[in-house]
Protein chains: 2
Amino acid sequence: MYKIKKARIFITAFFLVFSLALTACSNSSSTGLNKEQKSAVTGEKNEEYYMITFLSGMEYWKSGYKGFEDAGKFYGVKTVYTGAIQYDINQEVTVLEQIIAKKPAGIAISCMNSDALAAPIDKAISQGIPVVTFDADSPKSRRYSFLGTDNEYSGYVAAKALSEQIGSKGGEVAVITLPSQQNHEQRVEGFKKALENEYKNLKLIEIGNGKSDQTEAAKVLSGFLQLHPNLKGVFCTDATSGVGAATAVKEANKVGQVSIVSFDTERGTLDAIKSGVISASIAQGTYIMGYQAMNFLYQLKHELINPVDSWKEKKVNPLPSFVDTGVNIVTKENVDSFYIK
Amino acid sequence: MYKIKKARIFITAFFLVFSLALTACSNSSSTGLNKEQKSAVTGEKNEEYYMITFLSGMEYWKSGYKGFEDAGKFYGVKTVYTGAIQYDINQEVTVLEQIIAKKPAGIAISCMNSDALAAPIDKAISQGIPVVTFDADSPKSRRYSFLGTDNEYSGYVAAKALSEQIGSKGGEVAVITLPSQQNHEQRVEGFKKALENEYKNLKLIEIGNGKSDQTEAAKVLSGFLQLHPNLKGVFCTDATSGVGAATAVKEANKVGQVSIVSFDTERGTLDAIKSGVISASIAQGTYIMGYQAMNFLYQLKHELINPVDSWKEKKVNPLPSFVDTGVNIVTKENVDSFYIK
């Protein structure tokens, strides 16, 4: 998973400010509720809903937990953020097992490794604990729903953004990605299809491996810029490559001549958009993942869904199997609103 | 859209019992709430949320409105079912315009024609009325979300069901579909891919046009059965073809020798599953479409989503762009629970 390695960069910065406090809790007594929410739901205060991630100190997860927390406040229940601090599947399995032992009201989990987490997820469900996955799925498990990004489509949107930046003349473009990681391959696939079908004036001439490392990504793009002096743009399928590409473009004195479309909305990316070095980035619907995950868990826990004609009797899933949480293009125009307040 | 023509069969039966009362209303004062729901939400009783369909008397819509109604009861708001009685896009546009004039709290609409409804949908949204689409989308409109079936995947599931019915020996199979209708083409596509990739002992030898007519579909399958005496199964991508296929198999005295996998859960299909003539059917998540559509509309209306870091400021969609409401296999084992009570 791309977030994993990207985190090597962020982990140092955020470890102290965010993840030393391994679990962050909130409940309805917190501030931040508007009048509507306060009046809407009462009770259930002893219910605890958990969000579990891996590399839990990553900035990437903050927006998702914000959504989870907001929905929890609406229902007047307690939400808890936790996860494996390290990039270590055994650690994530252990965290999940510990949470199951607490008999929580529900669990939303992003899966570092889909197969390794299937058994403990199924264990939770067999004990009557609702589980949904978000951002990274465990399709072989019995989780009720997966909420995440349609990665192929996100590549399509990246092509649109790059085309808009380069303009109608078009030209040569490159991709920096993380080969062998499925979500990144899907992003490249979507990007290619978009060029074939819609943005035919963009010609993909190189695909490089950013290796989840800023310096490496910068080196790759520098090479491309030397080989292809007319290169007009690059799509970076992960945030780390995007920041690396920004360095390469600055070093080559080609800011404004080479457009960069990056991925996600970490601070480094947003800063580079603000300063005009990165043209655009693809924002995933992380808030939506967390918000609707909490909604689904509450609906399951309280058997709100089809309470009369029970779905249990039908032996069918009462929740949507997949929720495509969408992507949006971040540019200089709207970048300010993407900083987490 | 396949539901349209299928309705010719059902419309006579259900017109009197269901659609003469063009609009069906319910609010929180209705019965059917469990204790949890009653205690959960209070107030907002003057809010009206509308579900709009075409051929509004069709049995197909009942489960979707049940979901919409159930979610409305949870929030203590009024829900109303309405739509175009005829298969007439002008009529559906008129109904939508009339509902917009009432300034409702939200609208969920299934679009008979995606392009014709885009303008009135956008009009509603520009007036601050939340709109989501379900079952049949209007992708060019500014609707916040579409909740529906992944049709290609549903074809994959149909192949799985047919393979299970035919058993490990496999054999020759056929498809009866409605060519030129996109959702049906996608179902056939998924079915074909499943045979290529997974169920290699099933060999697709014929694809016929059921023409949304039971007699026609029966005739098509009778022809196939004469041409291919070893035919082991047929996938019917619409309910009408499924019932027609059942007739053909009965007439050929091949019940038990030729497996039929059909689509949807109208009474005729369920009866044929119960009597063993149809082996299985693919149930769409219609209840889920309605249930989560109502949830989304309430979340929009009350600006529950990200109330602090407003999504309006970001100019991004606060809702998932697509909700895959899933499919399930109905067989003799679970058929009883699919009859609408």
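Letters A, B, ... mirror the listed sequences (proteins, then strands); counts begin at 1. Because the structure is predicted, anything quoted here is derived from the model rather than measured.
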Among the options Val323(B), Thr325(B), Ile288(B), pick out the one with the most heavy-atom pairs lying under 4.5 Å from chain A. Ile288(B)
Answer with side chain, backbone, both or neither: which region of Tyr153(A) has an atom nearer than 4.5 Å to a non-hydrogen atom of chain B? neither
Stepwise, does the side-chain contact (heavy atoms from CB on, under 4.5 Å) test hold for His302(A) with Phe74(B)? CA-CA 11 Å; His302(A) 292 263; Phe74(B) 173 76; over 6 Å; no
So which pairs with a foot in residues 144-156 of chain A pass salt bridge (Lys or Arg N to Asp or Glu O under 4.0 Å), sequence neighbours left out? Glu152(A)-Lys193(A)
Give, for atom CZ of Phe296(A) and atom CG of Asn295(B), the distance between the pair rounded to the nearest 0.5 Å. 8.0 Å
Quick check for you: to the nearest 0.5 Å, what is the distance between Asn328(A) atom CG and Asn317(B) atom CG? 7.0 Å
Side chain, backbone, both or neither: which part of Leu319(A) has a heavy atom under 4.5 Å from chain B? both
Distance from Leu304(A) atom CG to Tyr291(B) atom OH, nearest 0.5 Å? 4.0 Å
Non-hydrogen atoms of Gly326(B) and Ser321(A) that approach each other most closely: CA-OG, 3.5 Å
Drop me the distance from Gln292(B)'s CD to Gln292(A)'s CD, to the nearest 0.5 angstrom. 7.5 Å
Which atoms of Glu333(A) approach chain B - backbone, side chain, both or neither, heavy atom under 4.5 Å: neither
